[in-house]
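Both backbone and side-chain heavy atoms feed into the values below; hydrogens, waters and symmetry mates do not. The shown structure was predicted, so the numbers you read here are calculated from the model rather than taken from an experiment. Just so it is clear: chains get the letters A, B, ... in the order the sequence lines come, proteins before strands, and each one is counted from 1.
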Number of protein chains: 2
Amino acid sequence: MNAGMTEPGEAVRDPESVSKFVESFAAQLVEAGMQRMPARVFAALLSSDSGALTSAELGEQLQVSPAAVSGAVRYLAQQHMVSREREPGSRRERYRVHSNQWYEAVTNRDAVLRRWEHTLREGVDSLGARTPAGRRLAETLAFFEFLEAELAAMMERWRVHREELFGEL
Amino acid sequence: MNAGMTEPGEAVRDPESVSKFVESFAAQLVEAGMQRMPARVFAALLSSDSGALTSAELGEQLQVSPAAVSGAVRYLAQQHMVSREREPGSRRERYRVHSNQWYEAVTNRDAVLRRWEHTLREGVDSLGARTPAGRRLAETLAFFEFLEAELAAMMERWRVHREELFGEL
DNA sequence: CCTTAACTTCACAAGTTTGTGAAAGTACCG
DNA sequence: CGGTACTTTCACAAACTTGTGAAGTTAAGG
C-alpha cells in the first residue's frame, strides 16, 4: 500500500495512480454490467476532488472524443448516477456526481424489481401455480418481493449509519 | 392474466406460452448483465417441471447447437447457478437448478464485494484520505462494507420467511 | 442578428462477441 | 478393449457494439 512513496498526510495527486484507480474501478463496473465508456466517465467523476468535470476535462483525462463523453453522460444521467449543470456565464456544461446519490440510484431500482416480479407472475400463470415449475417460480417471486421491502429498509438503516460515521449531509 | 384461456387448476403446459416466458425472463437476465445463452438456458431450466434437463432437451427447446449449450452450462456451473449430474446408466448429463440455490448464489457474492472494497481502499490511498475525492471514496467503501453485512443478515431472515411461506426445504 | 463555443447526432470502420459445424475427447457398456 | 453415445473444444463467419470524425444544432455574447 501507499505505493506512491509520499509521506502520509500529503495530498499529492499523482495523475498516474489516479488513472490506475479510475481504470480498475471502471473495469469492475463493466464486469457488473455497465458499458465501458459510462463506467470510465463515472469513475473519473467519482475520483475528482470537485466531484464535477466538464466534457473537455473528461475527454482529455480519458483520451476520448467529445462524442464518446456525450453518449456516456447521457446514459449516466438517465440512470440518475450523475446530474448535469450549466456553468453560469459559460456555454460549458459540467457533470456532477453527488457522492451518495449514486449508490442510492443503484439500490433504488424499484422499477426494475417491479418488472422482474411482473414477468415472474406471468410465468407462474402460464405454467400453472400448482405445477412444480410454477411453484419454483412462485418461490422466486416471493424472494423478489421480500428483497424489495428489505432493500428499502436497509437503505434507511444505512442513512442512519452514514450519519454516525460522517455527520450531516 | 390467464391469457391461455384454460380452466384454473388444469396443468396444461402450453409450449408457446412457456417459451414466451423463457424468453422474457432471459431478456431480463441479459439486461442485468448475464450473457444471452446462459440466460436462456437458465430460464428454460427454471421453468421445467423436473428442474433438470439434458443437453439435447435444452438444445431442442432453445433451437441451438450442443456447443452453445455446453458453453452456457459451463458458465452457469461456475456461478453455482446450476449443478451437473450424470444420469446413472447413461452417458447423458443433466443440468439441474436447485430452486433456492440460484438466488442464494446471486446474493452470496462475498468475493465480488470484497474485490470492490479492495479497489476502493486502493483508491482512498492514492487520492489521499483527507482530500474531497478520498472522502467520497471512503464513503462508498463504507457503504459496501455495510452492504456486505446486511446482505448476510437479510438472507438469514429470508430463510425464515421462506419456511413460513413454503415449509421445510 | 451574427458569430462562435460547446454539445449532440450520425454513418461508418474497427473491434469484439456469439453461435456454429466439425473434429477431438470421454467414459459407459457390452 | 472396442464401439458408440455424448460432450467439449476449436476455428471461423455473422452479427452486434463501440468510438470516431464530421456535420448539425443550440444558445451565449457581442
Sugar-phosphate, base or nothing in reach of A:T54, heavy atoms under 4.0 Å: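 It contacts nothing in the nucleic acid.
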Please report, rounded to the nearest Å, how far the [atom2] atom of [N] is from the [atom1] atom of [X].
X: A:Q78; N: C:dT8; atom1: CD; atom2: C1'; value: 14 Å
X: B:E87; N: C:dA27; atom1: CD; atom2: P; value: 17 Å
X: A:E57; N: C:dC7; atom1: CD; atom2: P; value: 10 Å
X: B:Q35; N: C:dT16; atom1: CD; atom2: P; value: 16 Å
X: B:L58; N: D:dT8; atom1: CG; atom2: C1'; value: 16 Å
X: B:E85; N: C:dC28; atom1: CD; atom2: P; value: 15 Å
X: A:M37; N: D:dT20; atom1: CE; atom2: C1'; value: 10 Å
X: A:M34; N: D:dT17; atom1: CE; atom2: C1'; value: 17 Å

Relative to the 5' end of DNA chain C, which residue comes earlier, A:R92 or A:G71, by the nucleotide with the nearest heavy atom?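 It is A:R92, whose closest nucleotide lies nearer the 5' terminus.
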So, OP1 or OP2 of [N]: does either fall under 4.0 Å of a side-chain N or O from [X]?
X: A:R86; N: C:dA6; answer: no
X: B:R74; N: D:dT7; answer: no
X: A:R84; N: C:dT8; answer: yes
X: B:S70; N: D:dT7; answer: no

Checking only heavy atoms, does the side chain of B:R91 share a donor-acceptor pair with the base of D:dT4 at less than 3.5 Å?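 Counting by modelled atom types and ignoring angles, a donor-acceptor contact under 3.5 Å is found here.
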Of the options [options], whose atoms approach the side-chain atoms of [X] most closely?
X: A:S55; options: C:dT18, C:dT20, C:dC7; result: C:dC7
X: B:R36; options: C:dG19, D:dT18, C:dC7; result: C:dG19
X: A:P66; options: D:dT20, D:dT8, C:dT8; result: C:dT8
X: A:A67; options: D:dG3, D:dT9, D:dA22; result: D:dA22

Give the ring-plane orientation class for A:F143 versus B:W158, where under 30° counts as parallel, over 60° as perpendicular and anything between as tilted.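 Correct class here is perpendicular.
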Aromatic plane relationship, A:F146 with B:H161 - under 30° parallel, 30 to 60° tilted, over 60° perpendicular: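 It falls in the parallel class, under 30°.
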Checking A:Y95 against A:E57 for the side chain to side chain donor-acceptor pair (under 3.5 Å) test, could you report, in this order, the C-alpha distance in whole Å, the side-chain angles of both residues, the deciding distance, and whether it holds? CA-CA 10 Å; A:Y95 308 112; A:E57 290 167 330; over 6 Å; no
If you pin A:A68 and A:G89 to their nearest nucleotides in DNA chain D, which one's is more 5'?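 Counting from the 5' end, the first nearest nucleotide belongs to A:A68.
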Could A:E156 and A:R159 be called an ion pair, given the rule that one side-chain N must be under 4.0 Å from one carboxylate O?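 Yes, A:E156 and A:R159 are salt-bridged.
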Is B:R136 salt-bridged to A:D49, cutoff N-O under 4.0 Å?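 No, B:R136 and A:D49 are not salt-bridged.
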